[in-house]
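Both backbone and side-chain heavy atoms feed into the values below; hydrogens, waters and symmetry mates do not.
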Amino acid sequence: MYNLHHIFKTHNFELTNKTTKGLEYQHRETKDIVYVLPTKEINLVVSLLSFDVDLSP
């Protein structure tokens, strides 16, 4: 997990929330949010608010 923290820090993300279920990183400039969920494998979840996408049918 230290390697991931180093990678995010190197790319201008800062740890903004840490729980037993996951970590939340926010980019310092764009304010985009990425969630790291350490289960059996490590999952990355990007907030939908980070994208300007029309999800209407």
Side-chain angles (χ1 to χ4, degrees):
M1 197 59 100
Y2 171 78
N3 289 339
L4 281 177
H5 179 71
H6 178 71
I7 291 168
F8 280 110
K9 188 175 178 181
T10 301
H11 293 283
N12 222 8
F13 281 85
E14 96 179 91
L15 182 63
T16 53
N17 193 13
K18 181 178 180 180
T19 67
T20 57
K21 294 186 178 185
L23 306 171
E24 177 185 87
Y25 286 92
Q26 185 174 35
H27 194 271
R28 290 187 177 128
E29 296 170 11
T30 65
K31 304 299 182 196
D32 290 332
I33 296 175
V34 175
Y35 300 96
V36 179
L37 308 173
T39 55
K40 289 182 181 179
E41 298 177 351
I42 295 174
N43 297 299
L44 296 177
V45 179
V46 179
S47 172
L48 286 177
L49 300 175
S50 298
F51 297 98
D52 186 19
V53 177
D54 183 9
L55 298 176
S56 60

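The salt bridge (Lys or Arg N to Asp or Glu O under 4.0 Å) analysis of residues 3-13, with sequence neighbours excluded, yields no pairs.
In this view, His11 satisfies the ring-ring contact (aromatic ring centres under 6.0 Å, His included) rule with no residue, not counting sequence neighbours. With sequence neighbours excluded, the residues satisfying side chain to side chain contact (heavy atoms under 4.5 Å, CB included) with Glu24 are Thr16, Asn17, Ile33, Tyr35.
Between Pro38 and Gly22, the shortest heavy-atom distance links the atoms CD-CA, 3.8 Å. In terms of heavy-atom proximity, Glu29 sits nearest to Asn12 at OE2-ND2, 3.0 Å.
Phe13 and Phe8 have perpendicular rings, their planes meeting at more than 60° on a 0 to 90° scale where under 30° would count as parallel.
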